[in-house]
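Heads up: the structure comes next, in structure tokens.
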There are 2 protein chains.
Amino acid sequence: MKTSRLTSNDRAVLLGSRLFANLPAPAAEAVLEGATISRHEAQDVLFHQGDAIEHVFFVVSGLVRLYGTGKGGREADIAVFPRGALFGEKAVFLDQRATAHAQAVHPSIIAKLDGPRLCRLVREEADVAWALLELLCRHGQMTEKRLAEDRLLTAPQRVANYILGQCPGDSPAFTFRLPFQKNVLAGKLGLAPEALSRAFSTLRQSGVIVKGRLIEIRDREALERF
Amino acid sequence: MKTSRLTSNDRAVLLGSRLFANLPAPAAEAVLEGATISRHEAQDVLFHQGDAIEHVFFVVSGLVRLYGTGKGGREADIAVFPRGALFGEKAVFLDQRATAHAQAVHPSIIAKLDGPRLCRLVREEADVAWALLELLCRHGQMTEKRLAEDRLLTAPQRVANYILGQCPGDSPAFTFRLPFQKNVLAGKLGLAPEALSRAFSTLRQSGVIVKGRLIEIRDREALERF
DNA sequence: GTGGTGAGTTGACCTTGGTCAAAAGCTCAT
DNA sequence: ATGAGCTTTTGACCAAGGTCAACTCACCAC
């Protein structure tokens with residue numbers, strides 16, 4: 001892992017992300033001030049549970065998963081962050097150590113925003129505070145939704161849900177490409193890879209056709225009914 | 001459900017809660033301005049998924065559970081809020097409808113803070129923004145922790161965890177009273193009541209003695225090992 | 001007391017999904 | 001094309017926990 005300054009492309013990705021969408025330019029610039037970039041290979045661990053965190057992390061490109069561990073080295077994903085996502089903010093704002101591990105799933109470019117600086121900005125710039133408040137609310141809702149899903153839905157239902165979440169507007173049939181290995185999807189949904197595979201084959205009878213990473217949905221209705 | 005103004009006792013509970021702990025008095029007063037109180041019987045539903053939410057809710061006394069529903073009326077608890085907890089803030093800040101149902105578990109006194117007013121305050125008062133940011137971070141971490149627990153731990157392990165969480169400092173043995181029915185604990189832990197019961201009887205062999213709502217722990221070590 | 005009600009427990013059974021092992025596809029470098 | 005090293009699938013098995021029903025227990029009213 002090597003550290004460097006932001007390229008103009010990095011800046012563009014950052015400024016285009018949700019966090020910065022409603023932030024006036026000067027405030028956005030202030031947030032980026034002092035940010036650094038690091039590159040990571042797939043499987044690289046960004047931090048471990050218990051590590052002191054002094055940055056807020058931003059996925060410029062690649063994919064990062066956040067996971068906890070149990071006995072016997074078992075791992076459970078807490079979240080999977082695609083390009084444009086922010087993480088580590090909770091530990092920074094609460095001035096705590098990391099409560100989970102973070103690992104690059106793909107080769108990734110990560111921007112690190114200076115934690116203490118960001119805390120200061122939150123207190124000084126109402127726009128920054130508001131943007132982060134919204135971001136935290138969205139994160140919270142996602143997590144709550146996943147918790148409820150885990151407790152309410154079976155494996156095929158969770159998969160159906162995920163597929164529907166990827167689907168645009170209201171077309172009755174569509175096709176899309178998984179943005180990562182099935183492996184990763186399984187983790188994200190809280191399933192063993194084998195269970196994901198079986199869930200897909202259960203969904204075949206509802207018009208879901210899987211070829212490698214390509215998912216084809218023939219009958220949206222049937223999926224929703226599942 | 002009837003609505004009224006805050007009594008001085010209500011004010012005291014609010015001001016003593018975590019949210020207000022580090023808030024200067026004028027800011028705290030501003031937040032409370034225009035707040036109302038409502039009383040609810042056990043089982044009363046405060047709001048349903050999909051309802052428009054114009055207040056942030058605060059538990060002055062009693063107990064409220066937040067839950068989602070699946071097919072066939074199955075319910076899964078997302079969170080259980082004791083006295084002093086705040087909820088509904090995510091929907092308010094994102095200007096969305098409720099993403100879950102909320103129901104009083106015990107007879108409860110609920111303070112309702114004016115949503116739009118609070119949004120305005122967040123933008124005007126840095127202290128308020130910061131306090132809410134911290135609150136959201138704590139909520140988020142709790143939820144993430146529960147998600148990881150659900151995926152990593154068996155029923156007896158989750159129960160052991162809960163018990164240890166109730167235990168003060170580092171005493172090797174202690175006793176405490178459940179603050180609610182086992183029913184509710186089961187929901188909170190994502191278990192059927194029967195499963196909770198069985199988990200308790202599994203834990204007996206690790207020195208956990210349950211008599212009604214009274215839980216006695218003889219050997220903290222054994223519990224942690226579980 | 002007696003009966004009633006609601007919480008909690010226990011047992012029997014069954015579904016879901018985890019685990020392990022083997023087979024089947026892919027991708028890529030040679 | 002060939003083989004190495006993967007991801008993914010499939011099959012067989014098992015364990016955890018949900019469900020339903022019966023039973024116990026505590027508490028309360030009468």
Side-chain angles (χ1 to χ4, degrees), chain A residues 41-43 63 65 69-77 105-107 148-162 177-205 208-215 226, chain B residues 41-43 63 67 69-77 105-107 148-162 177-205 208-215 226:
Chain A
E41 298 303 313
Q43 323 295 342
L63 195 72
R65 76 189 187 103
T69 46
K71 359 208 74 170
R74 285 170 48 83
E75 298 182 353
D77 284 14
V105 173
H106 293 162
E149 266 184 16
D150 270 26
R151 292 181 171 184
L152 286 170
L153 306 181
T154 65
Q157 289 173 326
R158 301 216 283 263
V159 175
N161 234 322
Y162 171 78
R177 243 187 105 70
L178 285 180
F180 33 60
Q181 289 182 318
K182 302 218 176 98
N183 227 341
V184 179
L185 178 58
K188 185 174 149 79
L189 298 179
L191 297 172
E194 295 94 325
L196 176 64
S197 189
R198 284 186 245 269
F200 272 132
S201 69
T202 301
L203 290 179
R204 230 187 339 249
Q205 70 194 52
V208 175
I209 291 144
V210 179
K211 252 203 219 88
R213 282 202 194 170
L214 230 51
I215 314 271
F226 209 95
Chain B
E41 298 303 311
Q43 323 294 345
L63 195 72
Y67 62 100
T69 46
K71 357 209 78 169
R74 287 170 46 84
E75 299 182 353
D77 285 14
V105 174
H106 293 163
E149 266 184 16
D150 270 24
R151 292 182 171 183
L152 286 170
L153 305 182
T154 66
Q157 289 173 326
R158 302 217 280 265
V159 175
N161 235 324
Y162 171 78
R177 243 186 105 72
L178 285 179
F180 33 62
Q181 290 181 320
K182 300 215 178 103
N183 229 340
V184 179
L185 178 57
K188 186 174 148 78
L189 299 178
L191 297 171
E194 296 94 326
L196 175 64
S197 189
R198 283 187 247 268
F200 272 133
S201 69
T202 301
L203 290 179
R204 233 192 333 255
Q205 70 195 51
V208 175
I209 292 143
V210 178
K211 254 203 217 88
R213 282 203 195 169
L214 230 51
I215 314 270
F226 208 97

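All values derive from a computational prediction rather than experimental measurement. Residue numbers start from 1 in every chain, and the chains themselves are labelled A, B, ... in the order their sequence lines are given, proteins ahead of strands.
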Measure from the side chain of [X], starting at C-beta and using heavy atoms only, and say which of [options] lies closest.
{"X": "B:Thr154", "options": "D:dG17, D:dT7, D:dT9", "answer": "D:dG17"}
{"X": "B:Ser201", "options": "C:dT10, D:dG17, D:dT19", "answer": "C:dT10"}
{"X": "B:Ala195", "options": "D:dT9, D:dG18, D:dT7", "answer": "D:dG18"}
{"X": "B:Ala155", "options": "C:dA21, D:dT8, D:dG17", "answer": "D:dG17"}

Once you round it to whole Å, what is the distance between [atom2] of [N] and [atom1] of [X]?
{"X": "A:Arg213", "N": "D:dT8", "atom1": "CZ", "atom2": "P", "result": "8 Å"}
{"X": "A:Glu194", "N": "D:dA12", "atom1": "CD", "atom2": "C1'", "result": "13 Å"}
{"X": "A:Leu191", "N": "C:dG17", "atom1": "CG", "atom2": "P", "result": "7 Å"}
{"X": "B:Leu196", "N": "C:dA7", "atom1": "CG", "atom2": "P", "result": "14 Å"}
{"X": "A:Asn183", "N": "C:dT27", "atom1": "CG", "atom2": "C1'", "result": "16 Å"}
{"X": "A:Glu75", "N": "C:dT19", "atom1": "CD", "atom2": "P", "result": "12 Å"}
{"X": "A:Leu153", "N": "C:dG17", "atom1": "CG", "atom2": "P", "result": "10 Å"}
{"X": "A:Phe200", "N": "D:dT7", "atom1": "CZ", "atom2": "C1'", "result": "14 Å"}

Problem set entry | Evaluation steps, side chain to side chain contact (heavy atoms under 4.5 Å, CB included), between B:Leu185 and B:Phe200 | CA-CA 12 Å; B:Leu185 178 57; B:Phe200 272 133; 4.2 Å; yes
Exercise. When rounded to the nearest 0.5 angstrom, what distance separates CZ in B:Arg74 from CG in A:Leu152?
Worked result: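 Result: 6.0 Å between the selected atoms.
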For this session: Could you grab the distance from atom CD1 of A:Ile215 to atom CZ of A:Arg177, nearest 0.5 Å is fine?
Result: 10.0 Å
Problem set entry | A:Lys211 side chain near C:dG25 phosphate (N/O to OP1/OP2, under 4.0 Å) |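 Answer no for this pair, as no side-chain N or O of A:Lys211 is under 4.0 Å from OP1 or OP2.
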Exercise. Does B:Arg198 have a side-chain nitrogen or oxygen under 4.0 Å from the phosphate oxygens OP1 or OP2 of D:dA16?
Worked result: no
For this session: Could you tell me whether B:Glu194 and B:Lys182 have a side-chain N and a carboxylate O separated by less than 4.0 Å?
Result: no
Could you check whether [X] gets within reach of a base, just the sugar-phosphate, or nothing at all, counting any heavy atom under 4.0 Å?
{"X": "B:Gly72", "value": "nothing"}
{"X": "B:Arg74", "value": "sugar-phosphate"}
{"X": "B:Gln181", "value": "sugar-phosphate"}

Exercise. Is there a donor-acceptor pair under 3.5 Å between the side chain of A:Arg151 and the backbone N or O of B:Asp77?
Worked result: yes
